[in-house]
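In what follows, a structure is listed as structure tokens, so that the remarks can point back to it.
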Amino acid sequence: MPDVNEMGINKAGMNKTGMIVNGVRIDESFAEAFDMRATALIITADTAAWAEIAAVSLTGFATSIIACGVEAGIDARLAPEETPDGRPGVRVLLFAGSTGELQKQLQNRVGQCVLTSPGSACFAGLEGIEPLKLGDALRYFADGFQISKRFGGRRFWRLPVMDGEFVCEGTTGLTKSAVGGGNLLLMGKSVAATRHAAETAVAAMSAVAGAIMPFPGGIVRSGSKVGSKYKGLIASTNDSYCPTLRGLTASALDEDITSVLEIVIDGLTPEAVAEAMRVGLAAATALGPEAGVVRIGAGNYGGKLGRHHFHLKDLLP
Amino acid sequence: MSALRFQLREAPPQRLDCSPLTPDRLRGLSLAEIARLPLQTTRAAITVGDLFTIAAGDAGTIVIVGGSALMDEVGAGMTEGSITVEGEVGIRAGRGMRGGRLHISGKAGPYAASGLLGGEIEISGDAGDFLGGPGPGNPAGMAGGVVVVRGAAGARAGDRLRRGVIVIEGDSGDHPGSRMLAGTLVICGRAGAAPGYLMRRGTMFTQYAAPLATFSATGSVDHVFRALLARTLLPPSAKIPSAKAAALIGGAALARFSGDLAGLGKGELLIADPAS
């Protein structure tokens, strides 16, 4: 009987599963994810570059609801024939813990980042169960010169601005079926190889519709656990996965691991999160343990906090 | 199931109130009950059966064969289904419609689409004066829906228009868009004299017009709004497509005029070929 610690890791440095894909050890673990409120927008501009700038600006500082209010990211780049106004566009997704917070962030971010961006327009990206105000809230910026147009069953606001006109749909849709907190923990023998594996996985996962990876470049290096020794801090460093804390804490890391990166996934549906994790697992394991990572795990809270459990064994390529 | 058909046997001896002949009002009635419905507008009684040969069918799809300029209020107040008139109609066709579709293959008299609230009306011929205008005593005209006239329209098309889209593929008479409150009026041909006279808000597109002195040139308008509107007039979005209107709206740059500054002045004329 091997000596196994509380995280299920034995002292010989092996996870307790024995699942190995292309030489990469896969934990018998699961990502624990939560219900979230979400919405989507389509941002267009005269050029794809300016649509991208507006979208990047809107989704900036939106990595975690712990301190950003929303988690947001770019879902897809849209060709002119895919957008309401026939111009290049970007679809962005925004996730929050409550409808009120989502509405507040939506209004602030579109008002400060899209309305202000040259040549932009903003449209609903989701037909949800109930509306969230978009142009219906921003129209007051036009100081009485706003023009309402309703056609095809949709209301659009035209706001005179200095470069012409900002066109913004009245509302966008809200979904309460969104899921936040899907994740993969990539563990490698070197910092560079781990980063390479994470970049490769994120690049593949970006193609999955309806899912975003909200952290910088889709990657988190400072994974967190719930709570802290300090009063008032709701999250603190995930010491079990910090390589330098082996010996000081109940480490989850094997001896051959020197770097861990996490990919967090938010999706409009549980299926989108599962698909993104599946694609990420396939991309990361395809690199093998030398070019990529030696082990892949997932973060959870014992299954008691979130009702969505994405088991890695169900998502393997 | 085939359509419920009304074949006009002879010219009506008086103006008719055809508003009872809508899917909502005929659904569930027997042919005998339909034949007894009154259509007269004078003291001389006339019923449906006196003038029309009725062929049983689905009351949700009504076809009236053989129109007349004396057939008033065709499709008035309908909320669903469709009515097709193979011929012309009198005044107030589609008045106060809330939904459904009305197609008139001939011309329509004055006040067609008056007070329209929803649904679609297609007039393959010409339309009379006050297309989409307000009814007697009404402060506002058409307040929703879509009207497409394949021919020309008379004077004061879109008078007091409040919401919805009116497309006139031909020319319009004088004072189109007079006193407009909002909404969109598209004239693919020439707009008559004094377009947008006393309009408060709203948008008028036209191929050719001579704006009044109380309209101020404001350059051109962004492509975005025009592209959105043009798409709603083309398949698959449009229930009654108008390629002509979409080409005018989404095509080359349009000169924009803001007015009528004799009033509120928040309306706009968008003209492909403005008279200098």
Side-chain angles (χ1 to χ4, degrees), chain A residues 41-47 50-51 54 78-90 110 114-115 117-125 127 134-135 138-139 142-171, chain B residues 99 117-120 142-147 161-167 180-186 199-203 205 218-242 245-246 249-251 253 256 258 264-268 270:
Chain A
L41 300 175
I42 292 173
I43 298 166
T44 65
D46 292 331
T47 64
W50 274 105
L78 305 176
E81 54 273 18
E82 297 176 291
T83 64
D85 62 3
R87 302 190 300 168
V90 175
V110 176
V114 183
L115 165 64
S117 181
S120 69
C122 189
F123 304 99
E127 286 186 13
L134 201 60
L138 295 172
R139 61 179 158 141
D143 202 23
F145 297 106
Q146 64 270 33
I147 298 172
S148 162
K149 285 289 170 192
R150 187 197 291 268
F151 24 73
R154 297 163 74 174
R155 179 193 289 281
F156 301 95
W157 288 97
R158 298 165 57 196
L159 280 60
V161 286
M162 294 196 304
D163 77 343
E165 204 168 72
F166 173 57
V167 175
C168 188
E169 191 157 355
T171 60
Chain B
L117 295 168
E120 299 90 36
M142 178 174 146
V146 176
V147 178
L161 177 65
R162 184 169 171 225
R163 199 181 295 124
V165 179
I166 298 177
V167 171
M180 261 174 75
L181 303 172
T184 304
L185 173 62
V186 185
M199 73 191 295
R200 291 173 59 81
R201 292 186 172 86
T203 305
F205 290 89
T218 61
S220 62
V221 69
D222 272 8
H223 171 71
V224 176
F225 156 63
R226 296 203 284 130
L228 286 172
L229 178 57
R231 282 190 171 199
T232 65
L233 295 170
L234 289 172
S237 307
K239 291 181 181 167
I240 305 178
S242 173
I249 295 164
R256 183 179 186 275
S258 181
L264 185 67
K266 290 184 176 176
E268 58 183 351
L270 297 156

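A, B, ... follow the sequence lines: proteins, then strands. Residue 1 opens every chain. It should be emphasised that the depicted structure is a prediction, and the values quoted were computed from it without experimental measurement.
- Using a 4.5 Å cut-off between heavy atoms, A:D46 makes no contact with chain B at all.
- Residue A:S120: no heavy atom, backbone or side chain, is found under 4.5 Å from chain B.
- Contacts of B:T218 with chain A are absent, with no heavy-atom separation under 4.5 Å from either backbone or side chain.
- In terms of heavy-atom pairs under 4.5 angstrom with chain B, the leader among A:G119, A:G164, A:G153 is A:G164.
- Options A:V167, A:T44, A:D163 differ in how many heavy-atom pairs under 4.5 Å they form with chain B, and the most are formed by A:V167.
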Report task. Please step through side chain to side chain contact (heavy atoms under 4.5 Å, CB included) for the pair B:L229 and A:K149, ending with a clear verdict. Result -> CA-CA 9 Å; B:L229 178 57; A:K149 285 289 170 192; over 6 Å; no

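- When the shell of 6.0 Å around CZ of B:R162 is examined, it contains 12 or fewer heavy atoms from other residues, nucleotides or ligands.
- Taken to the nearest 0.5 Å, the CZ atom of A:F151 stands 5.0 Å off from the CZ atom of B:F225.
- In this structure, OG in A:S148 is found 10.0 Å from CZ in B:R201, a value given to the nearest 0.5 Å.
- For the pair B:K266 (side chain) and A:I147 (backbone), a donor-acceptor distance under 3.5 Å is absent.
- Taking the side chain as every heavy atom from C-beta outward, A:E165 and B:V224 never approach each other to under 4.5 Å.
- Here B:L228 contributes atom CG and A:R158 contributes atom CZ; the two are 10.0 Å apart, rounded to the nearest 0.5 Å.
- The local environment of CD in A:E127 is sparse, with at most 12 non-hydrogen atoms from other residues, nucleotides or ligands closer than 6.0 Å.
- For the side-chain hydrogen bond (donor to acceptor under 3.5 Å, both in side chains) condition, no pair includes a residue of residues 226-235 of chain B, sequence neighbours left out.
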